[in-house]
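A quick note: this is a predicted structure, and the numbers were derived from the prediction, not measured. In what follows, chains carry the letters A, B, and so on, assigned in the order in which the sequence lines appear, proteins first and then strands, with residues in each chain numbered from 1.
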Amino acid sequence: MAECHPVGFRWVMEARERGATIIHVDPRFTRTSAVANIHVPIRAGSDIAFLGGIVRYIIENERYFRDYVVHYTNAPAIVSAEFQDTEDLDGLFGGWDEETGQYHKKAWRYEGADPEPAAGVKESDEEGQPIQHNPFQAGHSDPTLQHPRCVFQILKRHFSRYTPEMVEQTCGIPKSLFLKVAETLCRNSGRERTSAFCYAVGWTQHSMGVQYIRTAAIVQLLLGNIGRPGGGILALRGHASIQGSTDIPTLYNLLPGYLPMPKAKQDKDLATYLARNTSPSGWWGEFPKYFVSLLKAWFGEAATKENGWCYDYLPALTGDHSHMNTVVNMADGGVKGYFVMGENPVVGSMNGPLHRKGLRQLEWLVVRDFSVTETADFWRDAPEIERGEIRTEDIGTEVFFFPAAAHVEKDGAFTNTQRLLQWHYKSVEPPGDAASELDFIYKLGLRLKKLYAEEYGQPRNRPIRDVTWDYPLEGPKREPKAEAVLREINGYTVADGKPVEGFTSLQDDGSTACGCWIYSGCYRDGHNMAARRKPHWEQNWVAPEWAWAWPHNRRLLYNRASADPEGKPWSDRKKLVWWDQEKGEWVGYDTPDFIVKRPPWFHPSKDACGKDTIGGTDPFVMQADGKGWLYAATGLQDGPLPVHYEPQESVVKNPLYGQQCNPERVEWWRKDNPYHRAYDDPRFPYVITTYRLTEHHTAGAMSRWLSWLSELQPEMFCEVSPELAAERGLKNGGWATIRTMRAEIEARVLVTGRMRPLRIKGRLVHQIGLPYHWSTKGLARGDAANDLIGFVADPNVSIQESKAFTGAIEPGRKSRRRSAAISGPPVREIDPKRWQRDLPPARRKPESQHSFKAGESKKEH
Amino acid sequence: MPSGDGFSLSNWPLFRQLKQRDLFGLEQTAASPRTEALTARTASADRIVPSICPYCAVGCGQLVYVKNEKIIDIEGDPASPISRGCLCPKGAATFQLVTGSHRVQHVLYRRPHGKEWETVPLEQAVDMVAERVKRTRDETWEGTDEEGHPVRRTMGIAHLGGATLDNEENYLIKKLFTALGIVQIENQARV
């Protein structure tokens, strides 16, 4: 955190000054470790074992925050008798289908769950499994937490083998150090104290990344650290508006505000789509209001009740169309045209050579950035061209490079990692032909409307005709006004165009339009709330008048949990919002994240629906049962509870179960994406992890071209321990070649005691650290670490596993930068039939997850 | 420093150091009339424009100092409750990021099989892109999937990027591309 989010880390330092204990868990000793009270070196890829050990410690020693756990989590809920745990099945949950390589998730449900698929795709799988019947209303719960099938007891059994000894053998963390961490956390919880978890998104980059975060959530719920000041799980994201681009998603599977994209097979019409997504209980009962308002914002007058608000203007999904699938489909000739705006995937994404192979197959590519990135220049500046394996003149891709406007040359809002929309103003005109993406897309839209004007008779062209595209223009270049777009995002009443006050004003009858319901209120009364900059010294410590947070300017989500079941603060020290009996509403320093007039003693009636089912002690209003989920009865692909699996490529056999890897992980078995043995591959004996540096930014487009930053970190290097250096003959300051089946790269060697070998079952495990910022262009250059990494993904979110894999290292500058995607694997292949990856051995990966019929394949020259 | 005719003993640095008990010359006596007259570059700005750091997601406040329609400096904003005036090495380099000579100012075009970039006028380039979008969309349109379910889309066009852009920009990208039937829209959130 000190390295990648230095200014955020100032608050950690301030907390330490006031007596907080800082625990840093990282394979490397970094600038964060240097100021932490405890540094915990861990084997990359073993975090669930570590956190699972803490869960066990909390439960076995009865250190959980009982009042919080009983009232605010699903610990009392009773799970179906069908449920079988990984404890019973050697690392698999019940419901595993060897034929499809997927789980039947019905086996994980609460007792008394509606057996018929009813609704709730938000929380369901592809089959349209229903949202869970609320066990608390149905009477299937045990507040004493004694029922053998209640979530609490299941949790206790599930984590029983995550002992301190097991943690030591799996993570390489000495037992005494582990116990110190667990005890420190437990001591710092209860009514008076809270702890926060901070992670950077490398935590999500594992084949069970979602379950990493889930395990942290279980720890935090057990200790009562969610919805309370000083608590939480805080994702420290890496880009200025990566949160914004998730909320208003440039993501394939979502519409703005986390509304799912329609699925071809299941969502055949509006009624079905709404029924599948509208939750019978909890806040998602409001779903139709948000969806209809979105379609009104997009298709205006054309969207009527009679035509289902133009529901059939939306394209539909037939599987996983996420980034890595797009790239392989591109490499296979199925994608013809590609827009890349402010991203540099041949450096920042995995297996760069495979990306470039994809780019060579395109008919056209549009790149928008400040300077010509490696992605834009792939046709003349790439290792395979330097080696003469590919010739520039043989590449048929047409490439457009558009210079982009910088943030100081345009109005607009970034959403930071705390959900805060912060407006930045245009201060000067962009230079030359540089323009904002807003301007580019707006003008592209106008041209397409014109090009299609003659063909509006065809139904498929009607969305282009009807999409609302009427924004006021301003400035010498006649650019669209960003505030007008913000107004549409906020939402307005269709009749008079007046901005709505917030999402509670939205309707499902076409009378309101709203581009993103969770952002509704950011432009209330016509005021740009994101542009508020009242100095921190003129307001309280929550600073509610600085910018605007979604939803409803709530700075701390689920903050109803900061008060006890009666609505009183758990303690004076940890006061945030509370029930004011005189006013008859929730009040506090922050905006209450709760129905403001709903008293703590409110009990919903049996026949209540939607938000009326939210009881006075249900802080987690977005969940169907209003509780924090220790056990995720629905919504996840790979299990209702986290399980320690080894990464796709590991140096050890899974110490906990026969099942080696996440059984539902997504793999791409292709010649241009070869894998290592699952464990103990003699060719690749070391663990490799990648990371960022303070002085550079992700794939480097915003830092490698700057002399000020390039001077600070001028070239690619690898970090190794003195022990590994001795083992491999590596010299500090010398060169090393690092190799996987995907590619080989070279780097300068940094021998440092900050990298420590770990002792696991008597064996020394070495880890190699690689920053990933460099490539062939800019002022500071070096090989791209991500070239080493293959495509493997988490099954829930399709995020790649890039923070734990195996590889080889040897001294010297021998690299020819060969890669599997061009010249074949740099290391001899072993027949995959000779070694098993997994138990059970027979498994067909779900092809449908990542396939569609590729178009005509363009031959590589 | 004292000019030839202005020299006097009382202005002699050593004398001032002794007189003001600043033996090492590290305190007030180190200042000359010239240094005392100096002001920060930012003081001469015509206007100060509030902004936000474009690097990571912490969202530090920035102030952009503009003089004669040129940015002369970018500093941290002390009023921000998030950053209280601080910027990290990257944030502090924002001035070079936005004013540096690395920024390309013209649209570049590489024709199929071409060996060099060419420049093309902006308007013409946007026209060319629009034509290609239409051609590819029309050629690769899918009305239904293999089982006959309506899909109304093109898999021939894809998009990547968004985490460095503004919300308003992402909104228009998603809106236009969805209306065109493009579903492969992705950004850094998944990488």
Under a 4.5 Å heavy-atom cutoff, which of Val66(B), Ile82(B), Ile71(B), Ile48(B) has the most pairs with chain A? Ile82(B)
Among Tyr452(A), Phe414(A), Trp541(A), Phe370(A), which has the most heavy-atom pairs under 4.5 Å with chain B? Tyr452(A)
Chain A contact via Glu147(B) - which portion, at a heavy-atom distance below 4.5 Å: side chain
When His323(A), Arg460(A), Met261(A) are compared by non-hydrogen pairs under 4.5 Å with chain B, the top option: Arg460(A)
Could you look at Val133(B) and say if it's the side chain, the backbone, both or neither that has a heavy atom under 4.5 Å from chain A? both
Closest approach of Thr164(B) and Gly342(A), non-hydrogen atoms and distance? OG1-O, 3.2 Å
What part of Arg135(B) gets closer than 4.5 Å to chain A, counting heavy atoms only: side chain, backbone, both or neither? side chain
So which of Met350(A), Glu343(A), His424(A) has the biggest tally of heavy-atom pairs under 4.5 Å with chain B? Glu343(A)
Side chain / backbone / both / neither for Asp145(B) at chain A, heavy atoms under 4.5 Å: side chain
Please classify the contact of Val58(B) with chain A as side chain, backbone, both or neither, using a heavy-atom distance under 4.5 Å. both
Any idea how Phe339(A) and His159(B) line up, ring-wise: parallel (<30°), tilted (30 to 60°), or perpendicular (>60°)? tilted
Proximity of residues 37-46 of chain B to chain A, residues having a non-hydrogen atom under 4.5 angstrom: none
Interface moiety of Pro150(B) toward chain A, non-hydrogen atoms closer than 4.5 Å: backbone
Given heavy-atom pairs under 4.5 angstrom as the criterion, report whether the side chain, backbone, both or neither of Phe177(B) touches chain A. side chain
Heavy-atom proximity to chain A below 4.5 Å, by part of Val126(B): both
Determine whether the side chains of Glu36(B) and Gln28(B) contain a donor N or O and an acceptor N or O closer than 3.5 Å. yes
Toward chain A, the part of Leu87(B) with a non-hydrogen atom under 4.5 Å: backbone
Please flag which part of Ser83(B) lies under 4.5 Å from any non-hydrogen atom of chain A: side chain, backbone, both or neither. both
Report which part of Ser80(B) has an atom under 4.5 Å of a heavy atom belonging to chain A: side chain, backbone, both, or neither. both
Contact leader toward chain B among Gly348(A), Ala434(A), Ala235(A), Ala376(A), where contacts are heavy-atom pairs under 4.5 Å: Ala376(A)
Checked Ala93(B), Pro89(B), Gly181(B) vs chain A; the most non-hydrogen pairs under 4.5 Å come from Ala93(B)
Answer with side chain, backbone, both or neither: which region of Asp77(B) has an atom nearer than 4.5 Å to a non-hydrogen atom of chain A? side chain
For the residue pair Trp117(B) / Asp377(A), report whether a side-chain donor-acceptor contact shorter than 3.5 Å exists. yes
Looking at Asp247(A), Leu236(A), Val372(A), which one has more heavy-atom pairs under 4.5 Å with chain B than the rest? Val372(A)
Quick check on the interface: out of Pro121(B), Gly91(B), Cys88(B), Ala92(B), who has the most heavy-atom pairs with chain A under 4.5 Å? Cys88(B)
Counting heavy-atom pairs under 4.5 Å with chain A, the top scorer among Ile185(B), Val49(B), Thr136(B) is Ile185(B)
Who wins among Val129(B), Thr140(B), Leu180(B), Thr94(B) for the most heavy-atom pairs under 4.5 Å with chain A? Val129(B)
Of the listed Arg237(A), Glu393(A), Met341(A), Arg447(A), the one with the largest count of heavy-atom pairs under 4.5 Å with chain B is Arg447(A)
Per-residue contact mode, Cys53(B) against chain A (heavy atom under 4.5 angstrom): backbone
Part of Thr178(B) within contact of chain A (heavy atom distance under 4.5 Å): both
Do Thr318(A) and Arg153(B) pair up side chain to side chain, a donor and an acceptor below 3.5 Å, judged on atom types alone? yes
